[in-house]
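Every heavy atom of this structure was used, including side-chain atoms; hydrogens, water molecules and symmetry mates were not. Here is how names work: the chains are called A, B, and so on, in the same order as the sequence lines, proteins then strands, and each is numbered from 1.
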Amino acid sequence: MKTLLRPLAAAVMSVALVGGLAAGASAQDNPKSYKIGAILAMSGKANWYGKVMSQAIEQAVDEINAAGGIDGVPLEAVIEDHKSGVAKEGVAAMNRLIDLHDVQAVLTSFSPPTLAIAPIADEKGIFLLNGGGVSSALIGASKYLFHNRSLASDLGRAAATRAHELGAKRMAQLAWKSDAGESVIKAVEPYWTGTLGGEIVATESMEVGATNIDTQMAKIRASKPDVLGLWLFSPDPGLAIKRAREFGMKMPIIGIEYNDQIAKLAGKYAAGYEYTSDYFTPAEGGWAKKFADGYEKRYGEQPEFYAANYYEGTYVIAELMRRAKAKGIPIKGDKLAELLRENPVFDSVYGGKMTFQDNGVAKKRVALFKVDDAGKGVFQHYIEVK
Amino acid sequence: MDLFLQLFFNGLTNGSYYALLGVGFGLIFATTKIVHFAYGPIFACAAYAAWWAASLGVPLPLAGVFAVAVAAVLGVASFLVIYRPIQVRGAPGLVALIASLGLFILLENLLGIVFGAGNKVIENVNYDVFFLGPVFFTSIHLWQIASLAILGGALFLFLRYTRFGKAIVAMTDNREMAEIIGIDTTRMAIAVFAIGSALSAVPAVLILLKDGATTHMGFQAVFMAFVTVVVGGIGSIRGAVVGGFALGLVQSLGLWKIPTEWQSSIAFVVLFLILVARPQGLFGASRL
Amino acid sequence: MSRTDSAAAAAETASGTEVVLAVRGLGAGYGRKRVVHDVSLALGEREVLLMLGHNGAGKTTLLRAIFGLGKPMGGSVSYHGRDITGRKAAENVTDGLAYVPQGHGVFRTLSVADNLELGGFVEPRSALLAERRERVFELFPILAERRSQTAGTLSGGQQQMLAIGMALMHEPRVILLDEPSIGLAPNLVERVMQAVVTINRTMGVAILMVEQNVQLSLPIAQRALVLKTGAVVYDGPPDPLRDHVELMKLF
């Protein structure tokens, strides 16, 4: 009996091996699903962003799958949490996406975690698309990193352009003590003092989320500016606007972000605040309206541009995957990046097309908004940075 | 000069805020020898309690009273549930400290889970803005100073002139002697946790009105309270008040010429200097 | 904790006076460590019972266990015939049992007057407290002089007087006095012993006093007890202990 066992075992094992290989091969050709990873602020102070971004991604995935997926293979979104922008968490999330889910494309958000995962993307050849982080440090951080939102520095310079439009000459700035905040100062200062011929009378910084900025406001007031630039993100502009007005400052305040939270914090002082922003409006019609209607139906609220960016981003990745399949190229992050550079024009949910520039940033128009008496931001016009 | 005056005034209002927090925290520490880090999140809970009550339509003064009650209850609960069992088992102070940190983390996370991470404000709060020459301030700032004067003064009188208050002072001085002369030190500890936590609710509500509430606000509160007590000297109300003002003024005026990037570092610098020059604090081990 | 019926057993001491404090088979210690083993003693009314013993014999531990500042490990304590074993200190104080701890138990950051007031904490009637305070000042005039001075700045001897004065403020019937002479110069020790005599003879307070200074404390005691490594090795009249050799045998 024993002598039979060995050859029998060998036979069973070889059948299993061949069978396994065969199964693996076919899995390559037609996997159960194509996974798109997303690393968002699902918890922590900024979890509002994670909420709207993930909602948009899920909507896009459902729509794409309803239309047949990627040539019959459904898309699947794997959402991970960087806990409101903690770089370490972003790295852990990225590793989980790669090791556990074999993800080849990731939608990333917030500058610190994006910067932290950039080297991993380079090493493992993972495609990264950022629709939320705004630091200039992101440009070129990875050869596979692309952006479909205007960076803070772009928004800052647009704001400075507006300040110049208003006739201001002395600008005071209050910025976040962070990569994003500092990148705006770096972009705005030479532009304001050089191209626009103005003067910077005060530069103050505040910790992200700090609530006691009395000293900064006092110093800003003492510098007698005729415009105040707020290079801050939600919810801090709200407090800054309130404080500035309470301190008796009446000059125009221009920022680069506005939302409900900021409106609530600023209260009655929000009226008159101006800000530059990526502008998504369903009024454009077409895809924009379709997206907005679908979003409202699913989630009961109108989407704003963060949701739009991640919705759009999902479609961009899906489109790249489709192109790869059509050409018989394996769906790998680095290949997707190559395909994007080959043909950088994509449909934009904002309306029309968007083109990814050499630096990886998709060119979109920056819009100027002004807050009305009801606390709502009203579109004014698009800004051309000189 | 204008800037200096404004910064000076800011220093006074922030100082009152720190002082009152220091008085509450210091009372608990001097009496029970417990470093009650959870003082911070309980302060935050008070702010959230007031916000929640106000969001249900409760008028502001009542919401404030509710906040005070919530803080007192949580303070006493933290003593009875966490600290006392540790003390009864005779564990060293370090264990209570670690437990306190654990409670701190637990409460902060709980706040985040229950209320979400956003900044909570009470809408349509109208308060007056004044100016005195070049100095701007709001009625909230005035309340910060007034609350210190009223509550600090009341506590001082209570400790000095009532039997209960004197028992607390005795306990701060020599806990065993207090037991020996017949003081129920457990009852005193409960009272002190209640009073100290209740005291923190007032600055909590004022900050809610002024800046809004965040889940992490407790950290800054307990940190400043701690530095105030160390600077001012343990066991001294006068010390906590002076320490608080010193901290507030140094922080504010110190930034007159130094860039505001250094704002959070100044408290550390002051703490370090005091620890080096006079470790027992400005009024350490002196009469209340 | 077994509870022996105490009433009949030791209602009287050897000298025929009523027993105000009776300790039967008491054990005490720290954590798991037992320092006092099976100690029995009886303190008579108006008696001064002197407890001697070397360092670490367990004298302070015993006093603390009697007073309720440390859980007894077996045995019982009765006060005026009532069982008070392991009772909280606060209850003992209201009952007239006082404890003056070793090392000048005073509130160092408070004034002499405040200290005395706190000594009478359990007594709410301020008129009575004022009376008692005057008696303490009569006994220790130096305290009257320094009534507003911070207790921590008093000399060792003055602090000890203050500690004793604090005990008197709640009008005790029994005082547990732990090494009042520790760290004091001989003349001050005499002064303190004189006060103890006055308290005992004039105010009628029974005193269980632990002491190291045999020479100065023996004369004022009616009975003496020697404790050695947690057990009683002598319980009787004080005179035999004057003999140095006898004493050495016991320590």
**Study point:** Validation row: A:Trp48, A:Tyr306 side chains within 4.5 angstrom (heavy atoms)
**Key:** yes
Practice item. Output yes when a side-chain donor or acceptor of A:Ser109 lies under 3.5 Å from a complementary backbone atom of A:Gly132, and no otherwise. Key: no
Review point. Is it the side chain or the backbone of A:Lys219 that comes within 4.5 Å of chain B heavy atoms, both, or neither?
Key: both
Review point. Is the shortest heavy-atom distance from the side chain of B:Trp143 to the side chain of B:Leu209 under 4.5 Å?
Key: no
Review point. Can you tell which of A:Ser234, A:Ser84, A:Pro235, A:Gly248 has the highest number of heavy-atom pairs within less than 4.5 Å of chain B?
Key: A:Gly248
**Study point:** Full working for salt bridge (charged side-chain N to carboxylate O under 4.0 Å, His left out) between A:Asp214 and A:Arg243
**Key:** CA-CA 7 Å; A:Asp214 291 355; A:Arg243 258 320 153 260; 3.2 Å; yes
Practice item. May I ask you to name which of A:Glu204, A:Met217, A:Met206 has the most heavy-atom pairs under 4.5 Å with chain B? Key: A:Glu204
Check your understanding: Is chain A contacted by the side chain of B:Asn109, its backbone, both, or neither, given a heavy-atom distance below 4.5 Å?
Key -> neither
Point to revise | B:Thr138 versus chain A, the contacting section by heavy-atom distance below 4.5 Å | key: side chain
Review point. Does B:Thr228 reach the main-chain N or O of B:Gly243 with its side chain, forming a donor-acceptor pair under 3.5 Å?
Key: no
